[in-house]
Amino acid sequence: MALLQISEPGLSTLPHQHRLAVGIDLGTTNSLVATVRNGISVVLNDEQGRLLLPSVVRYLEDGSVQVGESAQAAQNLDPSNTIVSAKRFMGRGLKDIGDVSGSPYRFVDIPSTGSGQAPGMVQLRTVAGVKSPVEVSAEILKQLRARAEASLGGELVGAVITVPAYFDDAQRQATKDAARLAGINVLRLLNEPTAAAIAYGLDNASEGVYAVYDLGGGTFDISILRLSRGVFEVLAANGDSALGGDDFDHRIYCWLLAQNELPPLNPHDTRLLLTRARAAKEELTEHAETRITAVLSGGEIIDNLLTQQVFHEMTRNLVSRTLQPLRRALRDAQLTVEEVKGVVMVGGATRMPQVQRAVAEFFGQTPLTNLDPDKVVALGAAIQANVLAGNRSGDDWLLLDVLPLSLGIEIMGGLTEKIVPRNSTIPTARAQEFTTYKDGQTAMSVHVVQGERELVADCRSLARFELRGIPPMVAGAARIRVTYQVDADGLLSVSAREMSRGVEAHITVKPSYGLSDEEVTRMLAESNAHAADDMRARALREQQVEARQLLEAVQNALDEDGTALLAPDERAAIQDGMAALGAVLPGSDLPAIKRAVSKLNELTVAFAQRRMDNNVARALGGKKLSDLEM
Amino acid sequence: MAAPVFDPTQDFFQLLGIPARFQIEGALLDEHYRALQSQVHPDKFAHQTEAEQRLAMQWATRVNEAYQTLRSPLNRGRYLLKLRGVDTQEETNTAMPVDFLMEQMERREAVEEAARRSDVDALDALQRRLQSDTRSLQQQLALQLDDENHYNPAAAAGTVRKLRFMEKLAEEISAAFDEIDN
């Protein structure tokens, strides 16, 4: 008789249980959530069958929030409390955003927190209080998460969230913070063009060099990838994180102002005309001309005929602005146009015929548009999420992405010194040694920036940190080694070590725009009427989910390599740790679960190293690392 | 059994499983790099324990560094010399042949001039010439490092210093192209 396997309640899961993971395309204009179902990537719809969630959030006086269609419907009615295109403000100060005169929002400039410090992320004053772009984005993510959990019937293990390839550290960090605020475990931040390449590449089993041209609502990316035998290798990324379909709308809006000799408009009229402009742009994709009509709040009647030709003329330099990053990316990849085998078009704005024509002309070939440009990023992200969640173990494709913008530090004279050059494959790290310039100096400050320009003032200030506690010595005697590590999400962390005494100081770079844990807690509290209870409950649930994943991962590792790589006592210690965690897991003692998790993590360090070493040996055809050592 | 530990001092040639020579088989390097990343990349450990995720990032970082070093002829030459205990003294040794320095200065001025005039064809020509000169220097370095009869680490260090000049010039040309684009 076969024995039934009985697992402790709430502890182990079935070995091949499908973990619920999704890909989220958090777009400027629309957002989507997708998942892999029965081996096929699909976009999840809402109860009404709609796939795209407009990235629009409306704050109401009673503190409630509308997201998506209902918010979009109210945007002309309530323009200053209805936030569209919040992605454009992520990780940005007010001065980065440029001309805000035509904007219906009430921006709040967050001044710098110290001398030489960059100002904080811009915020928006609404009827429900001041909101940061991170909070606005979190509302969109919460909605998508709810949609996914309703559709899949369970709690998500995690999500892959896409970002423009050309997003800098501050913008990436802001995106991750938004996910955290929405209660989403981020499996990976994935670059949008890379996500699209996965969807295309796996679909067509392509080989060779491909360019992904991604013109979204507010951002432009170009990525050059080499696809070969299941490896997606990004060779170069470039772009403009402040150029997108919105700018085409804005051109039409300005044209309407000029045609009708209008004075600066109130927020209501601004939003009305921008909405009309967008509709006109979409109309001109299929038609030679379109009529734009509107009645402004003062009774003025707008009635203009816009032809394709005039529209193309007024947006010509926007289109050509996308060609500069293209040339740069090709040059960085050391490739010519002729070597590009295919061009993939991504993003709703690539539907515009003048964009397609310009890209076709540049590459001398017709771009690929067989996957829906609105969906392709989410579809690719879902495929990656499925793999990262551990659902497809037999899969052997690999993604190698790059850092889009160089990282550097400030040196004398306000100049930057590059530390990690752009297009370095991630994860990557660089170390640098500093010394003191004064006798007895015990502290020094390092200013980390991102960008390609020579002057610090022209780059993005990511963080300023101080190294304290350097042992007092004569000038030049202390040796401080600073290591800059960029992880697979493209996020930077910095650690420093004083070499002569081995004192280590670890600093995770919190960009001037990043949120501290306290801020996240505060925002969570504010966003919820029953905050304290809910948060405790959620923290417990999250910790339990994490603990179960850990137990499962350790069990799998033991099944695979436990016998080969562990001495009996080591194995027993790990099993004790698992049992200890299993014992506290079903209860509600959060600190006890946390302690047991960290204990088990500690116990598995050596085992993890051996397993990794085995992987390396396998990769090099059965040779053990020790055989290679001199 | 002693646990093999993540060892950042391990040599890149060993890590990527190719012979420690200047002339390498590029396809083999690529193949081994991809095979290694397929085993250690953080994406393969996203659902594993914290310890494994952290280790995966260290390994993948290390493998990337090794690959970047060995893939570039200049970095590879410098690294090979370092393994053999020769410092290339790129920051300190300024005793370059005078004719070489003169030529470098002339070329740098030519790049600046072409950039000022936004002359893409002139920049193209300068770039082609630079590429051809770089190739000859690389061939020379191959002899000095790999060929028993011509083995000369001191001369090789000089060639690496020259190649560093070439690389700086290439960066300037690239920056000039960027300027013209803007």
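Chain letters run A, B, ... following the sequence lines, proteins first, then strands; residues in each count from 1.
Proximity to chain A (any heavy atom under 4.5 Å) is restricted, for B:F45, to the side chain, taken from C-beta onward. Proximity to chain B (any heavy atom under 4.5 Å) is shown, for A:T425, by both the backbone and the side chain. Interface residue A:L399: backbone and side-chain heavy atoms are both found under 4.5 Å from chain B. Heavy-atom distances place no part of B:A175 under 4.5 Å from chain A, backbone and side chain included. Looking at A:V231, the atoms closer than 4.5 Å to chain B (heavy atoms on both sides) all sit in the side chain, from C-beta outward.
Contact between A:A608 and B:E52 at its shortest, heavy atoms only, is CB-CG, 3.2 Å. When all heavy atoms of B:H41 and A:I426 are compared, the closest pair comes out as NE2-O, 4.0 Å. For the residue pair B:Q39 and A:M612, the shortest heavy atom distance occurs at O-SD, 4.5 Å. B:A46 and A:L388 make their closest contact through CB-O, 3.5 Å (heavy atoms, listed as atom of the first residue, atom of the second, distance). The two atoms that bring B:T61 and A:T428 nearest to each other are CG2-C, 3.7 Å, heavy atoms only.
Other residues, nucleotides and ligands contribute over 12 non-hydrogen atoms within 6.0 Å of the CZ atom of B:R21. The 12-atom threshold is not exceeded at CD of A:E454, counting heavy atoms of other residues, nucleotides or ligands nearer than 6.0 Å. The environment of A:K418 atom NZ is dense: over 12 non-hydrogen atoms of other residues, nucleotides or ligands sit within 6.0 angstrom. More than 12 heavy-atom neighbours from other residues, nucleotides or ligands sit within 6.0 angstrom of CD on B:E171.
Across A:L400, A:V554, A:L323, A:V486, the residue that shares the most heavy-atom pairs under 4.5 angstrom with chain B is A:L400. Counting heavy-atom pairs under 4.5 Å between each of A:Q485, A:Q549, A:E602 and chain B puts A:Q485 at the top. Interface summary for chain B: among A:A488, A:A557, A:A429, A:A389, the most heavy-atom pairs under 4.5 angstrom belong to A:A389. Taking A:A553, A:G230, A:S598 one by one and counting their heavy-atom pairs under 4.5 Å with chain B, the maximum is reached by A:A553.
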Practice problem: Determine, stepwise, if the pair B:R34 / A:E233 fulfils side-chain contact (heavy atoms from CB on, under 4.5 Å). | Solution: CA-CA 10 Å; B:R34 288 174 185 161; A:E233 190 177 1; 3.0 Å; yes
Exercise. Please report the C-alpha distance between A:V605 and B:R54 in whole Å, then the side-chain angles of each, then the deciding distance to 0.1 Å, and finally whether the side-chain contact (heavy atoms from CB on, under 4.5 Å) criterion is met.
Key: CA-CA 10 Å; A:V605 169; B:R54 197 172 46 241; 4.2 Å; yes
Quiz item: Please walk me through it: do A:R331 and B:D178 pass side-chain contact (heavy atoms from CB on, under 4.5 Å)?
Solution: CA-CA 9 Å; A:R331 206 155 49 235; B:D178 278 359; 2.7 Å; yes
Exercise. Start with the C-alpha distance between A:L398 and B:K44, add both sets of side-chain angles, then the distance that settles side-chain contact (heavy atoms from CB on, under 4.5 Å), and finish with yes or no.
Key: CA-CA 9 Å; A:L398 173 70; B:K44 307 285 169 186; 4.1 Å; yes
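B:N64 places a side-chain N or O within donor-acceptor distance of the main-chain N or O of A:P427, the cut-off being under 3.5 Å.
We find the CZ-CG distance between A:R226 and B:D30 to be 8.0 Å, quoted to the nearest 0.5 Å. The CD atom of A:E546 lies 6.5 Å from the CD atom of B:E50; values are rounded to the nearest 0.5 Å. Within the model, atoms CD1 of B:I180 and CD of A:Q324 stand 12.0 Å from one another, a figure rounded to the nearest 0.5 Å.
B:N149 is linked by a side chain to side chain contact (heavy atoms under 4.5 Å, CB included) to B:D147, counting only residues two or more places apart in sequence or in another chain. Contacts of A:F362 classified as ring pair (Phe, Tyr, Trp, His ring centres under 6.0 Å), with partners at least two apart in sequence or in another chain: none.
Remark: the A:Q384 side chain and the B:D43 side chain contain an N/O donor-acceptor pair separated by less than 3.5 Å.
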